[in-house]
Protein chains: 2
Amino acid sequence: MTRVSKRDQIVEAADDLFYRQGFDHTSFADIAGVVRISRGNFYHHFKTKDDILDAVIAARLANTRAMLADWQVQGDSPAARVGAFIDILLTNRDKIERHGCPVGTLATELAKLNHGAQADAAAIFTLFRTWLRRQFDQMGQGARADDLALHLLARSQGIATLMTAYRDPDFLCRERDALHDWLDGLAPPPPHH
Amino acid sequence: MTRVSKRDQIVEAADDLFYRQGFDHTSFADIAGVVRISRGNFYHHFKTKDDILDAVIAARLANTRAMLADWQVQGDSPAARVGAFIDILLTNRDKIERHGCPVGTLATELAKLNHGAQADAAAIFTLFRTWLRRQFDQMGQGARADDLALHLLARSQGIATLMTAYRDPDFLCRERDALHDWLDGLAPPPPHH
DNA sequence: GTCTATAGACGGATAGAC
DNA sequence: GTCTATCCGTCTATAGAC
């Protein structure tokens, strides 16, 4: 018995390949080659490619939830937690330059394929959106919180796209600083009585 | 003799299909089906799929140059011309919601495929970047002009990505207004003596 | 006869599905 | 392991223009 179940190994390999190569461009053989499994055994776990996609999205949702919960505990203040979100652009810089943002690129690819899992992929965005909205709400932004969350998501996505196209470290630093300035410039919450 | 050469018809059809379905997911048969020619005839015009991609990128470069030249003539001021750029998000709203931005999604897909034409695709971005830089320069932004151009490109790309994921008209309007506010808030050029 | 455009068939490879 | 479908790329054949 392996430490990790064969099914989880398949999902993990597919997750990585979908990110690096794209969903459509990744074949069963690619995944089977990574997991070292026969194709016959493959269909014991997943009947169709779409089933694998569903499992990968479910895994990404779970991983994102865990990451956000972790940030929630580790960040000292809502502003600091949003700052941690902004800095994933730096943390994952190499991967983003080569393969883009895993959330945005999957959503875009599924849109082009007119794939039925588009809404599921968008749910990953919504995880970040809801988490950010809560931070902004705790910063006293109230009614604006959701708008700010979407705004920051869009800014991050755009930076990721241009990082992939240009791979310019100066651009990344400028935009990262601009986002932190934007965050600092948000009206602070009204003081307690 | 047709009005448009068969080769140009192929490029036009491929351009559209690459945008709507993605480059990798579009087959010769797809393109041939649109142009109504046999696959055999296809290879008289293009030897490989990459040759078609090169031609499509060349066509997009030419079309973009023509569009920017048109904007350059029609806009009354550099700020108005940048405003026209911002408003393509509204003009092309339906297409962007379904297939994303043609510039950004191609660059991202080619990055995932680790395709040799990545630099050529990025050149389309550079066309917009250079044009925007010139507008900001004429607005008196001097040394900041290129940074502003990249910033606006990134903002637009991010909005396009979230438009595809959420298809929320309110979000689009808010972000469009925010971009116009940002544009209006740029320091005006120093007055002439 | 030569050149170009078109068509259609064939082959090897690979895809997803069972 | 097999099946069917589709992919890309090559091949040959035909038709008309010059």
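Throughout, protein chains are lettered first and strands after them, A, B, ... in sequence-line order, and every chain is numbered starting at 1.
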ask   = Rounded to whole angstroms, how far apart are NE2 on B/H45 and C1' on D/dG9?
value = 16 Å
query = Is A/D170 paired with A/R174 through a side-chain N to carboxylate O contact shorter than 4.0 Å?
reply = no
request  = Compute whether any side-chain donor of one residue and acceptor of the other, for A/Q157 and B/R155, lie under 3.5 angstrom apart.
outcome  = no
ask   = What is the nucleic acid contact for B/Y43, judged by heavy atoms within less than 4.0 Å: base, sugar-phosphate only, or nothing?
value = base
key: Value in whole Å for how far the C1' atom of D/dT6 lies from CZ of B/F28   = 14 Å
ask   = Start at the 5' end of DNA chain C and walk down; is the nucleotide closest to A/S27 or to A/K47 reached first?
value = A/S27
Check: residues 64-72 of chain A side-chain donor-acceptor pairs under 3.5 Å, at least two apart:
from, atom 1, to, atom 2, distance (Å)
A/T64, OG1, A/R60, O, 2.6
A/Q72, OE1, A/W131, NE1, 3.0
A/Q72, OE1, A/Q135, NE2, 2.8

message = Quick check with a 6.0 Å cut-off and a 45 degree axis cone: is A/K49 positioned over the face of A/F23's six-membered ring?
response = yes
key: Residue closer to the 5' end of DNA chain D, B/G40 versus B/A29 (nearest nucleotide)   = B/A29
inquiry  = Rounded to whole Å, please give me the gap between CZ in B/F42 and C1' in D/dC11.
reply    = 18 Å
inquiry  = Among A/D146, A/L152, A/I124, which residue satisfies the side chain to side chain contact (heavy atoms under 4.5 Å, CB included) criterion with A/R129?
reply    = A/D146
message = Before we go on, tell me: are the rings of B/Y43 and B/F28 under 6.0 Å apart, centre to centre?
response = yes
query = First and last nucleotide of DNA chain C touching chain B, 5' to 3', heavy-atom cut-off 4.0 Å?
reply = C/dA5 to C/dG8
